[in-house]
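See below for the structure under consideration.
Keep in mind the model is a prediction, meaning the values are calculated, not measured.
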Amino acid sequence: MCLNRILLISCFVIILNAIYTTNSYRYHEHKENDLSLWINEQQVKILSGFSLKVFIINYGWVSPHVKDPNFSTHLPLVPSEIESVNFTWKSGAKKYRYNFDRLISLDEKVLQTPKVSIKTEGRIPRKAKEFSIIMPCVANATGVGMLSIGLSIENANGHPLPGTPLRINLRKECVQRGMRAINESDVPDIECNKSCLNNGWCNKDKQCQCPEGYMGQFCQTALCYPKCENGGNCTAPAVCSCPKGYQGRHCEGGICSEKCLNGGKCVQKDKCDCPKGYYGLRCEYSKCVIPCQNGGKCRGVNKCRCPAGLAGDHCEIGRFVRQRSVCHSCKHGSCSETGHCQCFEGFAGKYCNRRVGENRRHHKKIPT
């Protein structure tokens, strides 16, 4: 359980680009049955607090930041706790073949050759399916090594997907923590257990196993998701400590020392989100220099939204006219609770002005 949680750190290597990538692919939603490759949504949510998929490829388009020649140099060091990174992909209605044509350790004294949990070449599944890239350290090795991963993708006609082959270099940390017990026995390492915080404990490999809600080499980091906003600190699992001026479970709400006016809403510390037609720290200023008349509401610079029957930039033209009920025109009937004419016996019509009955063919037209 702890290992699965630690693996979620892997999505951090591209989370900074997630929002940009997600937005850029909105323009390609019409190709939603095309190829996609992403880091799992749940992993991103637990680590960052944002529930979104981090795409490497989406709807047949390779993410712009992945194609950047300097992309690998921006990636942080992969912590030693991470042994593999989980991905999901699908081809949709189209057919694609893949080939992991590069799985190389550039520091064989520290890192073993990276592996994939599926065949190194084959056909990308039509429906979403998960796979992992495994990055094992050399036994008892300590240091930082580099590995190189390459992925080629071709369509049904044998043409490479634009932007491929993908070439990514990762720096991986390998650390041996603690000392082995005598004769490799399972005798508890008291000193190791002391180093594990927040009720963490040492496993037989002298690494801290963390309880739910904590992560890190010594279980020192609490997890909050969604993450604490506006500079808040995660002080315990799902508990945010908010800076002055903010409130809410995730510090998402602002505190305004003075109430927002004219329908404004407090969104950040002493900052109001004003409706159209108003501005100022408290939405106290109207953009209509000449006030709106006759119940009009300011909606822009010197422009008012006027009630029915009124016009002009300031609702100064015309007069407000109430809609008359049909009951005012009932000829031979009374007004019902719904505002309609309820006709007396022998009469019909919207205004009860039409005679009905046995002598209908011979009745005289009633004056209106």
Side-chain angles (χ1 to χ4, degrees), residues 3-4 6-15 17 21 35-40 43-44 53-58 60-91 95-126 128-155 158-176 205:
L3 178 59
N4 290 335
I6 290 174
L7 297 181
L8 300 176
I9 306 172
S10 58
C11 68
F12 178 72
V13 297
I14 53 178
I15 190 62
N17 301 288
T21 304
L35 172 66
S36 291
L37 168 63
W38 67 90
I39 291 182
N40 300 345
Q43 293 184 356
V44 178
K53 297 176 182 178
V54 179
F55 287 98
I56 305 299
I57 303 172
N58 198 11
W61 296 75
V62 176
S63 173
H65 67 260
V66 175
K67 293 191 293 186
D68 183 350
N70 298 318
F71 173 64
S72 293
T73 62
H74 299 314
L75 300 179
L77 180 69
V78 179
S80 60
E81 292 89 351
I82 299 177
E83 294 184 5
S84 63
V85 181
N86 298 330
F87 295 85
T88 301
W89 62 2
K90 65 181 181 68
S91 66
K95 295 181 180 179
Y96 289 95
R97 294 192 64 82
Y98 72 90
N99 178 22
F100 283 95
D101 56 1
R102 181 180 295 180
L103 292 168
I104 302 173
S105 170
L106 303 179
D107 295 281
E108 295 182 351
K109 293 183 179 180
V110 177
L111 289 173
Q112 299 181 38
T113 300
K115 303 175 182 179
V116 289
S117 61
I118 55 177
K119 294 181 179 180
T120 56
E121 58 181 311
R123 181 175 172 178
I124 297 176
R126 181 177 180 179
K129 188 173 182 180
E130 187 176 289
F131 69 92
S132 301
I133 295 178
I134 305 166
M135 303 172 287
C137 293
V138 173
N140 301 322
T142 297
V144 176
M146 182 174 288
L147 52 87
S148 181
I149 301 170
L151 174 61
S152 296
I153 298 176
E154 296 180 349
N155 60 23
H159 298 143
L161 181 75
T164 65
L166 300 176
R167 296 287 184 259
I168 299 176
N169 293 333
L170 297 174
R171 293 181 303 125
K172 173 77 167 63
E173 176 192 34
C174 293
V175 177
Q176 293 300 120
D205 295 320

Return yes if some donor-acceptor pair links the side-chain N/O of [X] with the main-chain N/O of [Y] below 3.5 Å, else return no.
X    : Y    : value
E130 : F87  : no
D107 : L111 : no
S117 : S132 : yes

Give, for atom [atom1] of [X] and atom [atom2] of [Y], the distance between the pair rounded to the nearest 0.5 Å.
X    : Y    : atom1 : atom2 : result
K172 : Q112 : NZ    : CD    : 10.5 Å
I56  : T88  : CD1   : OG1   : 11.5 Å
R102 : N169 : CZ    : CG    : 7.5 Å
K95  : N155 : NZ    : CG    : 12.0 Å
C174 : K109 : SG    : NZ    : 14.5 Å
T113 : L147 : OG1   : CG    : 9.5 Å

How far apart are the C-alpha atoms of V66 and L166, what are their side-chain angles, what is the distance that settles it, and do they pass the side chain to side chain contact (heavy atoms under 4.5 Å, CB included) test? CA-CA 8 Å; V66 175; L166 300 176; 3.9 Å; yes
If I compare all heavy atoms of [X] with all of [Y], which pair ends up nearest, and what's the gap?
X    : Y    : answer
L103 : I149 : CD2-CG2, 4.2 Å
P114 : P136 : CA-CD, 4.4 Å
K90  : I124 : C-CG2, 4.0 Å

Going by side-chain contact (heavy atoms from CB on, under 4.5 Å), name the residues that satisfy it together with R126, two or more places apart in sequence or in a different chain.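 side-chain contact (heavy atoms from CB on, under 4.5 Å) check on R126 returns S91.
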So, using side-chain contact (heavy atoms from CB on, under 4.5 Å) as the criterion, who are the partners of D101 when residues are at least two apart?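 With neighbours one apart ignored, the set is N99, S152, P165, R167.
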Taking the six-membered ring for Trp, are F131 and F100 parallel (under 30°), tilted (30 to 60°) or perpendicular (over 60°)?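 Taking F100 first and then F131, their aromatic rings stand perpendicular (interplane angle over 60°).
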Give a yes or no on whether the ring-centroid distance for W61 and F55 is below 6.0 angstrom.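 They do not qualify: ring centres at least 6.0 Å apart.
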